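Everything on this sheet refers to the single structure shown next.
Note that ligands are numbered from 1 as they come in the structure, with each ligand's atoms numbered from 1 the same way. Nothing here was measured: the structure is a model prediction, and the numbers come from that model.
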Amino acid sequence: MREKLEQLKCCAMAAIAAASSVDALQDIRISLLGRKGELTSLMKGLGSLDPAERPVVGQLVNSVRDEIEAALGSALESAQNNFIATRIQAERIDTSLPGRRAQKGTKHPVSLVIEEICSIFAGLGFAVAEGPEIEHDWYNFEALNFPPEHPARDMQDTFFVENNLLLRTHTSPVQIRTMLKQKPPVRIIAPGTVYRCDSDATHSPMFHQIEGLMVDSRVTFGDLKGVLTVFTNQLFGQKTGVRLRPSYFPFTEPSAEVDIACVICGSKGCRICKNSGWLEILGAGMVDPEVYRHVQYDAENISGFAFGMGIERIAMLKYGISDMRLLFENDVRFLRQF
Ligand code: DAH
């Protein structure tokens, strides 16, 4: 037993001295000290010794194990240091260089415009409301007076999800959700993402709108024009001309398309305004009594207006962006400019 131990220690020391890698040293540790290791099996053999000899040999085994462990420990440490040193050399890490700074992002132009519009309307007493992007047909169309099969549904190329669920095509369903939750007076704006199956330089299948709704006992078309004039003047600068043209939406009557004097050419006529001097920025109108019927509002005693605008178009006008797709390509060279 003593001899075996001496021999084992000799071989172990030699193997440790010869091992050059962390992995090789780990293997040696397992083969000697592991559950089925050589030294471990020797220790198990202690029981078969003469009881008088056991303590002496036991001590010897312990001291051999301690020596092997110490040798393994220091060999492992230097192997690890070597490994790190070689990697630093190989990867040419210059530890004296300053670290790389994490690049700070900037707010997306669409977010900037949403924030600015919300803060203008906050100044006029409008609260922010929200609704889901996967919407029920009833909120997106039916309650807004688009009956099934109504041709006006074709104006909005809809992504259908399943059964009566769809990706909302506009933020107008938030009008319905708000009126169902709240009695008049109502004064909200609802920014959010909307979806339509449409894609080119001026259309993205995913885009953003802001909806506005004001309902009270005596809201007039004059109030609508006043609010929109204050709004466009604040967003595009004092005395931006505003023009309302008759239009049609199923949920407003009368309905209007709202134009501002072209901010690119100062109404002289350019490519952006198609030489008309005017830019269409939103749809609006007086809430149709049929909509009040769906939310159990008393159409005889209240009135209100609604409006809805596309954010991307406003961001493009404000920042002079010529292609809507730039907004969603996530190119930092573009995004960093805002
Ligand atoms: N929801 C309409 C659309 O996406 C825009 C709109 C028009 C909203 C008139 C309104 C409104 O609230 O009164 O085409």
Side-chain angles (χ1 to χ4, degrees), residues 114 117-118 121 124 126-133 135-146 150-159 166-179 186-198 202-216 219-228 231-232 242-260 279-292 294-295 297 299 302-314 324:
I114 291 179
I117 295 179
C118 286
F121 280 104
L124 294 168
F126 285 72
V128 173
E130 284 184 321
E133 287 171 28
E135 187 54 285
H136 205 280
D137 181 281
W138 189 81
Y139 294 94
N140 196 85
F141 289 126
E142 190 104 14
L144 288 162
N145 196 29
F146 291 80
H150 192 283
R153 290 193 180 206
D154 296 344
M155 294 182 346
Q156 312 192 348
D157 295 307
T158 311
F159 288 112
L166 42 82
L167 297 184
R168 67 176 177 191
T169 56
H170 50 178
T171 41
S172 304
V174 184
Q175 291 186 31
I176 304 299
R177 290 183 173 273
T178 305
M179 288 189 280
V186 169
R187 233 185 297 176
I188 54 121
I189 47 163
T193 313
V194 300
Y195 304 85
R196 285 186 205 179
C197 191
D198 203 353
T202 52
H203 296 90
S204 153
M206 182 276 320
F207 61 106
H208 299 81
Q209 287 189 337
I210 289 192
E211 192 78 13
L213 174 69
M214 174 164 173
V215 183
D216 206 337
V219 178
T220 67
F221 202 90
D223 295 321
L224 171 60
K225 187 167 185 192
V227 164
L228 292 178
F231 162 67
T232 48
V242 179
R243 172 176 91 168
L244 280 77
R245 280 177 294 116
S247 184
Y248 170 77
F249 298 101
F251 43 92
T252 44
E253 182 59 36
S255 303
E257 215 94 52
V258 180
D259 300 340
I260 54 166
L279 296 165
E280 182 191 320
I281 60 158
L282 57 88
M286 300 306 289
V287 178
D288 193 295
E290 197 57 26
V291 174
Y292 293 135
H294 281 108
V295 297
Y297 270 19
I302 44 118
S303 59
F305 62 73
F307 57 87
M309 65 191 110
I311 309 291
E312 280 75 5
R313 188 165 157 71
I314 292 178
M324 188 181 289

For a distance cut-off of 3.5 Å, show me each N or O of ligand 1 paired with any protein N or O, plus the separation.
residue, atom, partner, partner atom, Å
ligand 1, 1 (N), H170, ND1, 2.9
ligand 1, 1 (N), S172, OG, 2.9
ligand 1, 4 (O), R196, NH2, 2.7
ligand 1, 4 (O), Q209, NE2, 3.0
ligand 1, 12 (O), Q175, NE2, 3.1
ligand 1, 12 (O), E211, OE2, 2.6
ligand 1, 12 (O), F307, N, 3.2
ligand 1, 12 (O), F307, O, 3.2
ligand 1, 13 (O), A306, O, 3.0

_Check whether D198 reaches the backbone of D157 with its side chain - one donor and one acceptor, N or O, closer than 3.5 Å._
no
*Does the gap between the ring centers of F121 and F307 come in under 6.0 Å?*
yes
*Please name all residues satisfying side-chain contact (heavy atoms from CB on, under 4.5 Å) with H294, sequence neighbours left out, ordered by chain then number.*
W138, A143, E290
_Please enumerate all residues that pass salt bridge (Lys or Arg N to Asp or Glu O under 4.0 Å) together with D259, with sequence neighbours excluded._
R243, R245
_Please check: side-chain N/O of R187 versus main-chain N/O of L124, any donor-acceptor pairing under 3.5 Å?_
yes
_Set of residues satisfying salt bridge (Lys or Arg N to Asp or Glu O under 4.0 Å) with respect to E135, sequence neighbours excluded_ = R177
